[in-house]
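Accompanying notes for the structure given below.
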Amino acid sequence: MSEFLLHDEQAAQVYLDANATTPVLPCIADVVSHTMQICFGNPSSPHISGIQAKYLLEQTRQNARHVIGAPDGDILFTSGATEGIQTAIVSTLIHAKNHTVKNPVLLYGATEHKAVPNTLKHWNSVLGINAQLLAIPVDSKGVLDLAFISEHINNALMICTMAVNNETGVYQDLNAIEHIIRSRNKSVSWMVDCVQALGKQALALSSTSIDYAPFSGHKLYAPKGIGFLYIKNGSAYTPFIAGGGQESGMRSGTENLPGIAGLNKLFNLLLDKNDDTFKSVEVLNSYRAQLLNALQSTFGDITFNHDFSHSVPTTLNFAVDTLTSKEVIDLFDAAGIRVSGGSACSTGATRSFVLDAMGATNWQSENAIRLSFGPAATEQQISQACKRICSLKAVLEANCLVVSDSASPKQEVCALGLTQFRHKGACSWLYVSDDDSAVIIDPVLELIPRFEKIVSTQQLNVKAILDTHQHQDRPSAVALLNEVLGTTHAMQNSIELGTKTLTIKPTPGHSKDSVSYLLKERTTGHIDYCFCGDLILPAGLGNTSLEGGSATQMAHSLITLAEQISDDTVICSGHDYQQCFAINWRTVRAQTPLLSPLLNGEISTAQFAQLKAQHDQLHMQTSNQLCGYVQAAVQTDTKQLDFTQAKALLTQKNVYLIDTREPYEHGAINVAELFAAPLANTLNISLSRMANAIVQNQLNPQHTYILLCRSGNRSKIAAANLQQLGFANIYNVAGGLALVS
């Protein structure tokens with residue numbers, strides 16, 4: 001499957017994250033470079049070079065006026081939109097310090113970029129305004145609630161809205177908003193974030209009562225570090241940056257002339273009616289239609305998170321109904337397609353506050369993908385993007401990620417043995433024997449579509465779907481998954497799975513109904529896996545403070561379990577807060593306080609119960625890990641290599657490269673060729689298959705392993721995982737494939 005987009009076509013990335021930033025257009029880059037090298041004068045200097053620089057600066061200011069329809073008012077050059085937002089808010093709040101409003105409020109759109117409410121909150125506190133911050137609700141289309149504005153605008157010191165949303169592309173009816181505002185409060189300060197509107201919508205700011213409008217260059221093919229702010233005549237203004245008095249005393253500091261020159265070239269392109277760099281709305285709509293068709297053809301069931309009739313055509317925000325955003329982004333990234341999950345400025349967020357405000361489902365909010373292109377995109381670029389997206393369908397089919405009528409080969413994600421599936425720290429487990437018999441343990445509701453696809457594409461015989469206990473952090477998915485898969489089997493005393501047998505053992509402690517499932521080899525009796533739910537967690541034990549929990553019963557369960565499992569039995573927990581992925585009984589005992597003393601007879605069952613109960617009560621107040629508390633830090637001090645070092649080490653004997661990405665990512669690029677490593681010495685062991693690899697003895701503790709992933713993060717986790725299990729010669733490629741040159 002790795003041939004679908006390798007080599008020449010893969011060499012060029014398909015960039016579809018323009019709302020985060022755009023590449024600088026070559027013609028703009030040339031102007032910036034020329035200004036840096038030739039026209040580098042300081043606009044404040046009195047000599048000819050300074051005069052030339054000053055002329056360029058003022059010419060750009062005039063062109064900005066034409067582009068945004070602002071013959072009146074001030075145009076202030078800034079470092080970007082954030083500075084413009086700060087300037088507008090600080091100017092307004094300083095002016096409002098002596099207000100006489102009884103119950104003052106600061107209004108902002110609920111879907112506003114976080115720069116706005118965070119700035120309002122900060123300066124409201126610093127300046128002692130003490131106004132109430134109110135988020136203006138939006139409807140399911142992302143349109144602001146005008147009735148809410150009408151209700152609160154009389155008490156407002158400032159109202160902040162945006163022209164076009166950065167996550168969804170939804171645009172607001174500024175005329176309707178203006179009517180509501182000015183019919184009730186003619187003096188309130190109104191800021192409109194116009195960052196995503198530039199080049200996509202016609203603007204005529206001087207004909208409105210908008211007081212401030214910030215813009216950013218890098219969102220529209222100009223360099224980073226340059227932007228501008230429109231300020232209406234008569235609107236409050238306080239310099240945010242004081243000093244030498246540049247920009248007519250409004251913003252001190254030597255002007256960023258190369259950036260301003262870049263803006264000037266951008267404005268000239270926008271104003272030149274004979275130039276076709278920036279496409280018409282009709283053309284941009286056709287681009288969106290092509291991308292829409294490519295996405296639906298490739299992924300099947302997709303939910304779009306915004307109404308196209310209320311959005312600019314350059315943004316598509318969607319969720320694949322059966323894949324997480326991480327899976328989609330990882331797949332795209334491996335294939336050289338750059339998209340983002342929600343806003344690039346909300347990195348680390350697990351869900352979209354914009355979609356939450358619009359009333360989207362949890363699945364949509366948590367798994368949103370933002371695909372965005374710029375208004376200067378070409379037909380060739382869009383066609384290439386569609387071609388690259390459509391080429392992913394073969395990978396999705398081969399890895400059981402979409403259902404297909406074609407006969408797809410079994411790939412790693414559907415391979416025999418054990419695979420871990422995760423959702424928000426909860427772990428589900430799928431075991432498939434060599435005769436295609438299968439069991440699913442601790443299924444999570446959100447993962448049901450994934451299990452359905454794997455079972456149907458691989459034609460598995462699901463012998464049982466099991467819970468280790470009634471999970472208190474989520475509803476059971478067993479009944480629904482049985483219904484979806486059409487299975488009726490239930491666990492009896494044991495289940496035959498090829499050469500192995502799955503048995504059940506009551507292990508109360510975390511809850512009364514807690515059980516463990518032991519998977520053993522029939523010929524040797526060796527227990528390979530212990531599915532213990534939340535009795536045992538990597539580097540911790542389950543919580544006994546929940547309803548039905550008992551530290552005393554847990555102690556008895558641990559002692560009884562220890563009599564049956566071996567040091568190398570892999571422990572498969574219901575949660576993995578430490579992201580260990582694969583951990584054996586030897587490592588669990590070594591890492592977990594109270595466990596070894598109990599099993600070694602150093603403390604009694606009663607002492608264990610007393611200490612465990614105290615520990616759980618203490619952490620119940622301070623931890624959000626409901627099902628158990630990790631009590632030991634996992635070692636993550638792995639040896640790091642850069643690409644050159646890794647490549648050199650791979651020339652030595654018994655050195656192996658492990659790609660820890662999922663198979664659908666691994667298949668998108670030939671990493672063996674990239675590192676000039678022997679194909680036989682290049683392995684694909686994803687984190688979800690790490691436990692299986694350990695049991696199957698795919699790794700030799702005497703060998704040296706270099707781990708790799710996209711960014712270096714997953715492979716670092718896997719390296720730490722293997723170090724815990726006794727693999728000493730482990731390295732990680734720092735920065736992963738992202739820094740490979």
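Since we're looking at a predicted model, the values are computed, not measured.
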On a heavy-atom basis, which atom in [X] and which in [Y] lie closest, and how many Å separate them?
{"X": "L497", "Y": "L502", "answer": "CD1-CB, 4.2 Å"}
{"X": "L699", "Y": "F727", "answer": "CB-CE2, 3.6 Å"}
{"X": "L355", "Y": "A368", "answer": "CD1-CB, 3.5 Å"}
{"X": "F581", "Y": "S688", "answer": "CD2-N, 4.4 Å"}

Quick one, F643 with L739, criterion side chain to side chain contact (heavy atoms under 4.5 Å, CB included). Give me CA distance, side-chain angles, the key distance, then yes/no.
CA-CA 8 Å; F643 172 62; L739 300 186; over 6 Å; no
Would you find more than 12 non-hydrogen atoms of other residues, nucleotides or ligands less than 6.0 Å from K520 atom NZ?
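Count not over threshold, so no.
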Are there over 12 heavy-atom neighbours, none belonging to N493, within less than 6.0 Å of that residue's CG?
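Open: at most 12 neighbouring heavy atoms sit under 6.0 Å from CG of N493.
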Taking ring-ring contact (aromatic ring centres under 6.0 Å, His included) as the definition, give me every residue that meets it alongside H526, ordered by chain and number, with sequence neighbours left out.
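So H526 forms no ring-ring contact (aromatic ring centres under 6.0 Å, His included) with any residue.
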Is there side-chain contact between Y529 and I441, with heavy atoms separated by less than 4.5 Å?
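No; the side chains remain at least 4.5 Å from each other.
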Scan for salt bridge (Lys or Arg N to Asp or Glu O under 4.0 Å) pairs involving residues 420-431, sequence neighbours excluded, and state none if there are none.
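Found E366-K424, R422-D576.
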Checking side chain to side chain contact (heavy atoms under 4.5 Å, CB included) for the pair N700/Y656: CA distance, chi angles, key distance, verdict?
CA-CA 10 Å; N700 186 335; Y656 294 80; over 6 Å; no
Residues that T682 engages under side-chain hydrogen bond (donor to acceptor under 3.5 Å, both in side chains), provided they are two or more places apart
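For T682 there are no side-chain hydrogen bond (donor to acceptor under 3.5 Å, both in side chains) partners, ignoring immediate neighbours.
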Counting the benzene-type ring for Trp, do Y431 and F531 have ring centres under 6.0 Å apart?
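No, the ring centres sit 6.0 Å or more apart.
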Checking side-chain polar atoms at under 3.5 Å, does [X] have a donor or acceptor matched by the opposite partner on [Y]?
{"X": "R689", "Y": "T419", "answer": "yes"}
{"X": "T638", "Y": "N732", "answer": "no"}
{"X": "S511", "Y": "S514", "answer": "yes"}

Within 45° of the axis and under 6.0 Å from the centre of the six-membered ring of Y731, does NZ or CZ of K639 qualify?
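Ring-cation test returns yes.
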